[in-house]
Participant: 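Here it is: the structure, laid out below.
First listed ligand is number 1; within each ligand, the first listed atom is number 1. Note that the structure is a prediction, hence the values are computed from the model and not measured. The first residue of the sequence shown is numbered 1, and numbering continues consecutively from there.
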Amino acid sequence: MTLTDTIASQVAVVTGGSKGIGYNIAKALIARGNRVIIGDILDKDGKAAVEEFNANAGKTVAAFAHADVTKYKDIQSMFDLAEKEFGGVDILIANAGIFSINHGLAPFDELDDSNSRIFDVNVSGVIKCNKAALMYMGKRGQGIIINSASAGGIYPTPGMCDYAATKHAVVGWTRSLAQLPNQCNVRVNAVCPTWVETDLISDGRLPKEFRDFIDATPKARMEDVVKAYLQCIDDKSLSGTTLSVLPDGIHIEEPVYRT
Ligand SMILES: NC(=O)c1ccc[n+]([C@@H]2O[C@H](COP(=O)([O-])OP(=O)(O)OC[C@H]3O[C@@H](n4cnc5c(N)ncnc54)[C@H](O)[C@@H]3O)[C@@H](O)[C@H]2O)c1
């Protein structure tokens with residue numbers, strides 16, 4: 001049996017799965033027969049999502065872990081719950097991510113050490129979850145990790161330089177792990193959507209000009225975003241690959257190599 005043959009009925013951990021893209025991925029995975037742990041800091045929304053999934057399935061197919069991805073202890077508890085409830089971890093969707101609100105000003109933000117939160121969540125949070133996942137996947141001898149980057153992780157994104165920097169980091173981390181299957185039978189890929197209509201981009205605290213810019217820009221469809229994650233699971237040839245999701249669909253983004 002191959003990695004992809006066995007993965008369909010197995011166990012996925014989705015960070016930032018209480019709402020938005022993560023919630024939609026969790027729903028799609030459950031529809032394919034996977035069991036899902038949602039790890040998030042939004043307890044009320046996460047528990048409501050899990051109740052909805054279990055009620056629809058008529059059995060326990062999902063569970064919630066309060067998990068802040070910046071904290072190893074929380075990450076470990078989240079994976080421990082996956083083992084306790086469902087017997088192990090096969091898929092990690094490292095999806096939790098934030099915007100900084102002060103976009104247009106990012107390079108000129110006040111010099112304040114608390115500005116590093118976006119790097120703690122979007123970069124360190126992803127790396128910590130990836131590293132912890134490898135230890136749990138090691139026990140199964142297989143695994144698939146998909147990191148949520150962004151079109152802002154591939155293309156320059158003026159006005160949101162800090163967010164773009166974090167997502168370029170996720171792309172760099174993911175691409176650098178292309179050879180991982182040779183070591184431990186785990187594939188790591190990243191999905192890079194352009195704007196998708198979720199709470200992330202409709203936050204009332206965003207500056208009006210920025211919201212106007214988002215409103216005027218074509219969006220990716222949520223169903224294409226979800227399809228891209230499923231493609232990363234199903235296509236065994238994808239390793240260290242970044243899939244962008246643009247208004248016209250899914251594209252493989254080849255890294256630029258210069259010799
Ligand atoms: N919506 C877009 O336009 C868009 C585009 C490209 C990439 N993305 C990326 O997709 C991912 C999901 O975004 P979304 O649009 O669904 O946003 P969202 O705000 O709807 O959902 C993000 C989820 O992450 C959770 N989260 C935030 N910080 C966390 C932490 N420290 N620990 C655990 N969970 C945490 C939130 O509670 C929330 O449930 C993010 O990484 C985002 O950067 C979004």
Side-chain angles (χ1 to χ4, degrees), residues 13-28 36-50 64-79 92-101 103 116-130 132 146-155 157 160 162-171 173-174 190-206 210-211 213-215 217-222 224-226 228-229 232 242-247 250 253:
V13 171
V14 182
T15 70
S18 290
K19 58 181 183 143
I21 294 171
Y23 165 87
N24 282 280
I25 297 167
K27 196 173 179 176
V36 169
I37 299 292
I38 288 181
D40 204 302
I41 49 175
L42 285 184
D43 295 2
K44 200 166 153 231
D45 291 341
K47 285 177 184 168
V50 160
F64 177 77
H66 175 90
D68 180 337
V69 296
T70 66
K71 297 187 172 135
Y72 262 130
K73 274 209 162 112
D74 284 10
I75 295 169
Q76 203 170 356
S77 305
M78 174 176 75
F79 288 126
L92 166 67
I93 311 287
N95 166 73
I98 57 173
F99 257 2
S100 62
I101 296 305
H103 285 296
S116 63
R117 177 76 184 164
I118 191 167
F119 290 91
D120 293 342
V121 176
N122 293 9
V123 184
S124 298
V126 167
I127 291 174
K128 284 179 176 177
C129 286
N130 279 215
I146 306 163
N147 295 322
S148 289
S150 164
I154 299 171
Y155 305 108
T157 316
M160 44 189 298
D162 51 357
Y163 181 78
T166 65
K167 296 301 186 177
H168 272 72
V170 174
V171 168
W173 166 265
T174 303
V191 174
C192 302
T194 186
W195 307 124
V196 197
E197 210 47 80
T198 67
D199 289 351
L200 188 81
I201 62 170
S202 56
D203 190 315
R205 293 168 300 165
L206 288 169
F210 193 71
R211 184 60 230 185
F213 165 63
I214 292 173
D215 284 345
T217 312
K219 310 282 182 304
R221 288 184 296 267
M222 182 63 87
D224 286 342
V225 176
V226 171
Y229 284 85
C232 288
T242 49
L243 296 185
S244 64
V245 189
L246 304 178
I250 301 168
E253 296 284 343

Participant: In this structure, which one of Asp40, Val14, Ile37, Asp68 forms a side chain to side chain contact (heavy atoms under 4.5 Å, CB included) with Met78?
Facilitator: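 So the option named by the test is Ile37.
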Participant: May I ask you to decide if Val69's main-chain N or O and Lys128's side chain share a donor-acceptor pair within less than 3.5 Å?
Facilitator: no
Participant: Between CE of Met160 and NZ of Lys167, what distance do you get to the nearest 0.5 Å?
Facilitator: 9.5 Å
Participant: Please report the interatomic distance OH(Tyr23) to OG1(Thr198), rounded to the nearest 0.5 Å.
Facilitator: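 Between atom OH of Tyr23 and atom OG1 of Thr198 there are 14.0 Å.
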Participant: Does either side chain, that of Ser244 or that of Glu253, offer a donor lying less than 3.5 Å from an acceptor on the other one?
Facilitator: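 Yes, Glu253 and Ser244 have a side-chain donor paired with an acceptor closer than 3.5 Å.
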Participant: At less than 4.0 angstrom from any atom of ligand 1, which residues have a non-hydrogen atom? List them by chain and residue number.
Facilitator: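 Around ligand 1, where the cutoff is 4.0 Å for heavy atoms, the contacting residues are Gly16, Ser18, Lys19, Gly20, Ile21, Asp40, Ile41, Leu42, Ala67, Asp68, Val69, Asn95, Ala96, Gly97, Ile98, Arg117, Val121, Ser148, Ala149, Ser150, Tyr163, Lys167, Pro193, Thr194, Trp195, Val196, Thr198, Asp199, Leu200, Ile201.
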Participant: Check for a donor-acceptor pair, side chain of Lys47 on one end and backbone N or O of Asp45 on the other, with a separation under 3.5 Å.
Facilitator: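 Not a single qualifying donor-acceptor pair exists.
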